[in-house]
Amino acid sequence: MKASFCALASLLLAASSVSARTVFSAIQVDGVELGHGVAVRVPSANAPVTDITSKNLICNSGFVQPVSDVVASVPAGGVVAAEFHHTSAGYVGPDPADPLDPTNKGPVLAYLAAVPDATQEDVTGLKWFKIFEQGLNPQTHQWASDLLFINEGYVNITIPSCVKAGQYLLRVESISLSSASQYPGAEFFMSCAQIEVTGGGHASPETVSFPGAYTATDPGIVTNIYAVETYTPPGPAVFEC
Ligand SMILES: *[C@@H]1O[C@H](CO)[C@@H](O)[C@H](O)[C@H]1NC(C)=O
């Protein structure tokens with residue numbers, strides 16, 4: 001009896017994790033909204049990437065066509081607000097799972113990679129550095145995903161003031177850890193925005209590759225969120241000027 005109840009409970013858990021789905025589909029630059037899909041490569045499906053060795057972990061796949069050819073100008077030190085919603089359509093009205101199902105918990109991370117041309121299709125072999133991470137606040141017990149829900153899908157990301165001027169892809173990622181007690185289990189939701197940093201400095205941050213930056217044994221990826229008090233997001237340290 002008990003065993004079958006547990007089986008049912010885990011089925012229900014698995015079912016609820018399906019609605020974790022979320023899509024990063026728009027940006028604001030220093031408070032100015034660019035518009036849905038402008039300067040962002042928006043995946044048409046809101047399904048997660050679960051294989052950390054997949055090329056799709058870089059900037060996702062199956063984009064809404066046509067992909068924006070806009071490259072958003074951002075002053076170094078400026079703020080890009082990434083906007084997540086339940087589906088690739090963006091905000092379409094009240095939805096209890098917008099921007100994501102609030103029962104799904106996890107971090108939000110952002111990375112930059114310098115590119116010759118931010119509209120280039122090929123995203124393999126890029127060198128990424130992390131500029132933002134939010135995990136679990138041990139005082140408030142709030143996850144980054146809780147803040148994303150409270151803030152209606154917006155998360156503010158500051159572009160470090162010392163990065164070199166030029167074109168970049170900005171990869172913003174929400175991870176759902178609701179089924180992450182083993183690998184695979186964590187669900188990765190990401191898109192890439194196309195930006196041009198102006199001003200800036202001469203920083204040469206240490207970089208990582210996607211895929212490659214995440215491992216199947218990283219405690220930021222394999223974690224039982226129902227048992228942890230503290231949490232360290234996966235990947236490298238956040239670059240600071
Ligand atoms: C982002 O920053 C702007 C400007 O400081 C602020 O008004 C807004 O509330 C912030 N949004 C979030 C989600 O923190």
Side-chain angles (χ1 to χ4, degrees), residues 19-43 46 60 68 70-112 129-163 168-177 187-200 225 231-233 235 237-241:
S19 53
R21 303 176 168 217
T22 189
V23 178
F24 158 40
S25 62
I27 57 172
Q28 282 179 358
V29 177
D30 284 335
V32 178
E33 187 92 49
L34 269 68
H36 180 67
V38 177
V40 182
R41 303 171 182 203
V42 182
N46 62 0
N60 220 314
S68 177
V70 173
V71 178
S73 182
V74 183
V79 175
V80 175
E83 186 178 348
F84 283 83
H85 287 294
H86 189 186
T87 74
S88 61
Y91 184 76
V92 290
D95 171 354
D98 185 80
L100 76 181
D101 187 304
T103 63
N104 285 275
K105 309 297 188 189
V108 173
L109 307 92
Y111 297 83
L112 284 177
F129 56 100
K130 191 193 269 176
I131 58 168
F132 175 88
E133 69 180 15
Q134 219 170 38
L136 172 66
N137 181 322
Q139 272 84 47
T140 63
H141 301 286
Q142 277 179 319
W143 285 91
S145 55
D146 296 320
L147 298 175
L148 201 58
F149 189 81
I150 291 165
N151 293 321
E152 300 177 330
Y154 287 94
V155 54
N156 280 342
I157 296 154
T158 300
I159 304 302
S161 58
C162 62
V163 301
Y168 290 85
L169 289 175
L170 169 64
R171 175 184 182 278
V172 187
E173 172 179 57
S174 164
I175 307 177
S176 172
L177 298 172
E187 300 182 321
F188 300 82
F189 302 88
M190 81 299 299
S191 309
C192 289
Q194 304 166 170
I195 68 170
E196 168 144 25
V197 175
T198 60
I225 55 163
Y231 170 78
T232 304
V238 173
F239 169 73
E240 305 208 17
C241 289

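Just so it is clear, the values below take in all heavy atoms, side chains as well, and ignore hydrogens, waters and symmetry mates. As the structure lists them, so they are numbered: ligands from 1, and atoms in each ligand from 1.
- For Ala81, the side-chain contact (heavy atoms from CB on, under 4.5 Å) partners at least two apart in sequence or on another chain are Gln28, Tyr154, Asn156.
- In this structure, NZ on Lys105 lies 15.5 Å from CD1 on Ile175, to the nearest 0.5 angstrom.
- Protein residues with any heavy atom under 4.0 Å from ligand 1: Asn151, Tyr154, Asn156.
- Considering Asp101, Asp95, Asp98, Thr22 in turn, Asp95 is the only one that fulfils the side chain to side chain donor-acceptor pair (under 3.5 Å) rule with His86.
- Evaluation of the side-chain contact (heavy atoms from CB on, under 4.5 Å) rule for Ala110 yields Ile131, Phe132, Ile157, Leu170, Val172 as partners, not counting sequence neighbours.
- Two residues are said to be in side-chain contact when any heavy atoms from C-beta on lie closer than 4.5 Å; Asn60 and Phe24 fail this criterion.
- In this structure Pro102 satisfies the side-chain contact (heavy atoms from CB on, under 4.5 Å) test together with Phe149, sequence neighbours excluded.
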